[in-house]
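A short worksheet on the structure shown next.
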Amino acid sequence: MRNLESKIVFITGAGSGFGRALALELAARKAIPVVADVDREGLAGTGRLLQERGARFGSQVLDVRSRDAWEQAARDTASEFGGVDVLINNAGILSRAESFLELSEDHCRALFEVNFWGMFYGTRAFVPLLALRPEAHLVNVCSSLALIGTPMASVYCASKAATANFTAVVREELAGSQIGVTAVFPGASKTNLGRNIPVDNAEQREANAKNFERFATTPAEKVARKIVAAIEHRRPVVVSGVDAHFLNWFARLAPRAGYKLMAAAYRKVSDPKLFAGLKALTAR
Ligand SMILES: NC(=O)c1ccc[n+]([C@@H]2O[C@H](COP(=O)([O-])OP(=O)(O)OC[C@H]3O[C@@H](n4cnc5c(N)ncnc54)[C@H](O)[C@@H]3O)[C@@H](O)[C@H]2O)c1
């Protein structure tokens, strides 16, 4: 899709981080972002930024976990804008930094509900609309942790690996159609992902945010530019950030060594208290 001007681009998780950066980057190219998020305040903030830039845009409150809400979003977008050219499944949540034995089952389910099922419902609701356009594109935001996972994030890594594999198969199922498919593998980036982890209290929020911010280096705007370029050039894969390239290399050439190295690096940088619970639960 060489020219994004006047293209309708539906973006989930657009109230913060990559989603907001994508909306602004697309508006700068005269595309029409339709921003969606479950967080009304964040969504309004993105709306204000788009308004300040004089952009034409749409805005919808959407909880990606609801299939019915997705079907309504598809109908609303089609009736307001006459169709949709690009879907970016970006909404996601990170897990608490806890071992697989400590994560609550509810928390594990929430991760899959947003990160996998949200993307799945969105893809199924919107691809029939994309199919009506002369050229169209689907973007699914995975994670570099879908390539090589890290300790204390087992279920997040699994939800993103599921999304990555689903996307790779969908790309082949749609091969020969006019719909391009991109899987995005960002490394740790400066967004609110750590701060938005579902937690029980403020203390947990700060601890999780602090742990995430130790690793997050790449600016969200840089990731957004790479995703937009992938839509323009119909690239199947985006890997962004030095850490993500490193993991991609290991995933292809030496995955076992990659996991070991990742775990060693994580232990070195993170708070040793994180491993205390697991140690106690598995001590003989
Ligand atoms: N920041 C990183 O380091 C990083 C790295 C790899 C992948 N990712 C992925 O990038 C995507 C965007 O995350 P981000 O880093 O911009 O984080 P973020 O927390 O800044 O933004 C995520 C947005 O998703 C929204 N969201 C959460 N649950 C939702 C739901 N049920 N329905 C609709 N919206 C919902 C949040 O309200 C938030 O606005 C996520 O899928 C994340 O897993 C992020």
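As a basis for the values below, the full set of heavy atoms in this structure was taken, side chains included, without hydrogen atoms, waters or symmetry mates. In listed order, ligands and their atoms are each counted from 1.
Closest to atom 24 (O) of ligand 1, if we only count protein heavy atoms, is Gly13 CA, 3.4 Å. Ranking protein heavy atoms by distance to atom 29 (C) of ligand 1, first place goes to Val38 CG1, 3.6 Å. Protein heavy atom at the shortest distance from atom 31 (N) of ligand 1 is Asp63 OD1, 2.9 Å. Among all non-hydrogen protein atoms, the one lying nearest atom 6 (C) of ligand 1 is Pro186 O, 3.3 Å. In terms of protein heavy atoms, atom 18 (P) of ligand 1 is closest to Ser16 OG, 3.6 Å. For atom 3 (O) of ligand 1, the nearest protein heavy atom (residue, atom name, distance) is Ser189 N, 2.7 Å. Of the protein's heavy atoms, Thr191 OG1, 2.6 Å lies nearest to atom 15 (O) of ligand 1. The protein heavy atom nearest to atom 16 (O) of ligand 1 is Phe18 N, 2.8 Å.
In terms of heavy-atom proximity, Leu49 sits nearest to Arg53 at O-NH1, 3.1 Å. Closest non-hydrogen pair, Lys160 versus Val141, comes out as NZ-O, 3.1 Å. Of all non-hydrogen atoms in Asn192 and Ser16, the two that sit nearest each other are ND2-OG, 3.0 Å.
In this structure, CG in Asp85 is found 8.5 Å from CD1 in Ile32, a value given to the nearest 0.5 Å.
Within the 4.0 Å heavy-atom shell around ligand 1 one finds Gly187.
One side chain, Thr123 or Asn89, offers a donor N or O that lies under 3.5 Å from an acceptor on the other. Side-chain atoms of Asp76 and Gln72 form a donor-acceptor pair, as typed in the model, at a separation below 3.5 Å. A side-chain donor-acceptor contact under 3.5 Å links Thr182 and His137. For the residue pair Thr12 and Asn90, no side-chain donor N or O sits within less than 3.5 Å of a side-chain acceptor on the partner. Checking Thr77 against Gln60 by side-chain atom types alone, a donor-acceptor pair falls below 3.5 Å.
Residue contacts with ligand 1 for Ala14 are absent, since no atom lies close enough (heavy atoms, distance under 4.0 Å). Neither the backbone nor the side chain of Thr218 has any atom closer than 4.0 Å to an atom of ligand 1 (non-hydrogen atoms only). Under 4.0 angstrom from ligand 1, the non-hydrogen atoms of Tyr156 all belong to its side chain. In Asn196, the part holding a heavy atom less than 4.0 Å from any atom of ligand 1 is the side chain. With a heavy-atom cut-off of 4.0 Å, Glu113 does not touch ligand 1 at all.
Atoms of ligand 1 lying under 4.0 Å from at least one heavy atom of Ala188, given by number and element, are 3 (O). Listed by number with element, the atoms of ligand 1 under 4.0 Å from a non-hydrogen atom of Asp39 are 37 (O). The atoms of ligand 1 that sit less than 4.0 Å from any heavy atom of Gly17 are 16 (O), 20 (O). Contact atoms of ligand 1 toward Val114: 28 (N), 31 (N) (distance under 4.0 Å to a heavy atom of the residue). Listed by number with element, the atoms of ligand 1 under 4.0 Å from a non-hydrogen atom of Lys160 are 40 (C), 41 (O), 42 (C), 43 (O). Here is the list of ligand 1 atoms found below 4.0 Å of a heavy atom in Leu62: 32 (N), 33 (C). Counting the atoms of ligand 1 from 1 in the order shown, those under 4.0 Å from a heavy atom of Arg65 are 31 (N). Of all atoms in ligand 1, numbered sequentially from 1 with element shown, those under 4.0 Å from a heavy atom of Val141 are 9 (C), 10 (O), 11 (C).
The backbone N or O of Gly42 lies less than 3.5 Å from a partner atom in the side chain of Arg20, making a donor-acceptor pair.
Ligand 1 has an N or O atom lying under 3.5 Å from an N or O atom of Val64, backbone or side chain. Checked by distance only, ligand 1 and Asn90 come closer than 3.5 Å through their nitrogen or oxygen atoms. The distance criterion of under 3.5 Å between nitrogen or oxygen atoms is not met by Phe212 with respect to ligand 1.
Cation-pi geometry between Arg195 and Phe212 is not met: the NZ or CZ atom fails to fall both under 6.0 Å from the ring centre and inside 45° of the normal.
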Walk me through whether Trp249 and Phe246 qualify under ring-ring contact (aromatic ring centres under 6.0 Å, His included). CA-CA 5 Å; Trp249 186 90; Phe246 195 65; 7.4 Å; no
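Taking the six-membered ring for Trp, Tyr266 and Phe215 have ring centres closer than 6.0 Å. You'll find the ring centres of Trp70 and Phe10 inside the 6.0 Å limit.
Within 6.0 Å of CZ in Arg40 there are 12 or fewer heavy atoms belonging to other residues, nucleotides or ligands.
Nearest to atom 25 (C) of ligand 1 by heavy-atom distance, out of Asp37, Leu193, Val35, is Asp37.
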